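Down below is the structure, laid out as structure tokens.
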2 protein chains.
Amino acid sequence: MSSTPSKTIADNSDKLVTTLERPRERIVKSAIELFRQHGIKGVGVDAIAEAAGSNKMTLYRHFGCKDDLVCECLKQVSSEKERIWVDLEDAYPGDPARQLRGWVDEAAQRIFNDLRGCDLVNAAVELKEAGHPAQRVIMDAKKAHVQHLVELCRRAGVQQYEQLAQALVLLVEGARVCGQSIGIEGPQQRLKQTSEALIDAFSKP
Amino acid sequence: MSSTPSKTIADNSDKLVTTLERPRERIVKSAIELFRQHGIKGVGVDAIAEAAGSNKMTLYRHFGCKDDLVCECLKQVSSEKERIWVDLEDAYPGDPARQLRGWVDEAAQRIFNDLRGCDLVNAAVELKEAGHPAQRVIMDAKKAHVQHLVELCRRAGVQQYEQLAQALVLLVEGARVCGQSIGIEGPQQRLKQTSEALIDAFSKP
DNA sequence: AATGTGTGTTACCGGTCAGTAACGTCCCAA
DNA sequence: TTGGGACGTTACTGACCGGTAACACACATT
């Protein structure tokens with residue numbers, strides 16, 4: 001396309017991703033980003049391949065069909081989300097009560113920095129055709145995340161740990177979705193305040 | 001298509017809607033139902049017109065483009081949702097505290113009877129292209145609904161009525177979206193319990 | 001030098017979709 | 001009876017999309 005000063009490293013100045021990674025990783029990364037911007041049904045495989053500095057054939061050599069690519073993206077998003085548990089342990093080692101507060105902080109932070117909501121929930125909304133392979137990926141990931149939070153609440157010494165964890169999940173998911181539909185000035189402004197009051201109420205007795 | 005026993009009333013045994021209404025109303029009703037089932041981008045105008053027992057030309061005579069039809073559907077969905085306020089006043093006249101509990105009950109009821117989530121939120125997730133006309137419809141409707149709940153909390157004698165209303169919105173929206181992504185056995189099971197505890201906590205002092 | 005793997009390029013297929021044109025039909029009102 | 005407005009039918013366009021075929025190229029290993 002343009003001049004190629006280096007021989008083996010292709011020109012990628014106009015692409016979203018670095019060519020240092022292999023096409024497969026670049027395709028997944030580009031797909032995640034484009035799905036975030038335009039929704040899954042709003043992006044074609046051609047656009048994904050081009051954004052990745054690759055092409056449709058290579059995409060289809062790695063992923064049998066678009067749905068497989070979607071599943072792979074969701075799995076990657078999910079595993080990135082799961083990193084928060086080790087990050088919290090690193091930030092507040094051996095202090096699960098503080099980690100719980102940290103989880104809320106992190107969620108609130110993300111919600112205010114990005115009003116596009118949760119990738120998994122957005123995919124679930126879009127892919128509601130019965131039996132879509134992504135649905136299992138989404139459900140498994142969400143259940144695992146909830147279970148991790150339940151466990152954290154238990155380790156934090158909360159007696160009704162399951163109730164608290166599920167209530168916090170409702171607040172956070174609700175805040176994300178309010179940011180998406182109402183915009184920046186919505187009820188999600190109260191997320192931190194309400195969550196911390198809830199944690200206090202469950203931690204006291 | 002089949003035999004026509006009546007002359008002026010067309011055969012509609014295989015259609016979703018009665019022919020007693022005019023095509024415009026039938027199209028909107030069918031579109032709302034199909035959008036609920038398959039998402040907005042997952043339904044073509046041909047399918048909508050056919051489900052309404054009409055045709056694409058008539059659809060385009062009433063709605064200039066698909067986006068206009070989408071906006072009309074969302075407005076109708078929104079105005080149907082707003083009916084809850086008069087229903088609550090009818091059910092518990094002059095008792096805003098009881099109406100507030102009724103609002104939670106109604107929300108929980110709907111969430112467990114239908115896991116497809118809120119039409120407005122689902123549309124916001126799908127239509128994230130900048131400047132889509134539906135976005136304003138969604139935002140206005142959601143803001144109005146929140147404002148009504150804030151007012152109800154105030155009339156119920158809650159001192160921090162805005163905080164309570166916004167917290168309840170987070171819980172309800174979160175429950176809806178959890179039902180959609182996780183399925184029937186999710187944190188939304190705790191919606192009523194958590195909401196009522198929250199109402200109690202805000203009502204006591 | 002030969003080979004095989006991964007990748008890029010071009011072209012194509014069948015299907016679907018939003019939107020339009022032209023014409024025909026029915027019914028109601030004047 | 002005669003319009004006229006609302007509605008139905010068919011056919012079409014241009015664009016896009018998911019997916020495939022065939023061929024060419026680069027590079028690393030042997």
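Here the structure is a predicted model, which means the values were calculated and not measured. Letters go in sequence order (proteins before strands), and every chain restarts at 1.
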Rounded to whole Å, CE of A:Met57 lies from P of C:dC13 at a distance of 17 Å

Distance, rounded to the nearest Å, where B:Asn55 contributes CG and D:dT10 contributes P | 10 Å

How many Å lie between CG on B:Leu59 and P on C:dA18, as a whole number?
-> 10 Å

N/O (side chain, B:His62) to phosphate O (OP1/OP2, D:dC7) under 4.0 Å = yes

Going by distance alone, is a donor N or O of one side chain under 3.5 Å from an acceptor N or O of the other, for B:Gln99 and B:Glu89?
-> yes

Ignoring backbone atoms, establish whether A:Arg22 has a side-chain N or O less than 4.0 Å from OP1 or OP2 of C:dT7.
-> yes

Within a strict 4.5 Å, meaning less than it, do heavy atoms of the B:Leu171 and A:Thr194 side chains meet?
-> no

Between atom CD in A:Glu50 and atom C1' in C:dT9, what is the gap in whole Å?
-> 14 Å

Pairwise N/O distances under 3.5 Å, protein to nucleotides 15-19 of chain D:
| from | atom 1 | to | atom 2 | distance (Å) |
| --- | --- | --- | --- | --- |
| D:dG18 | OP1 | A:Lys66 | NZ | 2.7 |
| D:dG18 | OP2 | A:Val45 | N | 2.8 |
| D:dG19 | OP2 | A:Tyr60 | OH | 2.8 |
| D:dG19 | OP2 | A:Lys66 | N | 2.8 |
| D:dG19 | N7 | A:Lys56 | NZ | 3.0 |
| D:dG19 | O6 | A:Lys56 | NZ | 2.4 |

Check: B:Arg24 and B:Glu72 side chains under 4.5 Å, non-hydrogen atoms = yes

Would you say A:Glu33 and A:Arg36 make side-chain contact, with heavy atoms under 4.5 Å?
-> yes

Rounded interatomic separation in angstrom, taking CG from B:Leu69 and C1' from C:dA18 = 12 Å

note: B:Leu34, atom CG; C:dC17, atom P; distance rounded to Å ~ 12 Å

For B:Glu25 and D:dA6, give me the distance from atom CD to atom C1', rounded to whole Å.
-> 13 Å

Over its full length, what angle do the end axes of the helix from C:dA1-D:dT30 to C:dA30-D:dT1 make, each axis taken from five pairs and the result rounded to 10 degrees?
-> 0°

Heavy-atom closest pair, residues A:Gln180 and B:Ala124 | O-CB, 4.2 Å

Is there side-chain contact between A:Gln37 and B:Glu129, with heavy atoms separated by less than 4.5 Å?
-> no

Here the gap from B:His145 atom NE2 to B:Lys81 atom NZ, rounded to the nearest 0.5 Å, amounts to 7.0 Å

Between C:dC23, D:dC23, C:dT10, which nucleotide has the shortest distance from any of its atoms to the side chain of B:Arg61?
-> C:dC23

Carboxylate-amine/guanidinium contact B:Arg101 B:Asp200, below 4.0 Å | yes

May I ask you to verify if any side-chain N or O of A:Ser54 is less than 4.0 angstrom from the OP1 or OP2 atom of C:dG8?
-> yes

Nearest heavy-atom approach of A:Lys66 to A:Lys41 is NZ-CA, 4.4 Å

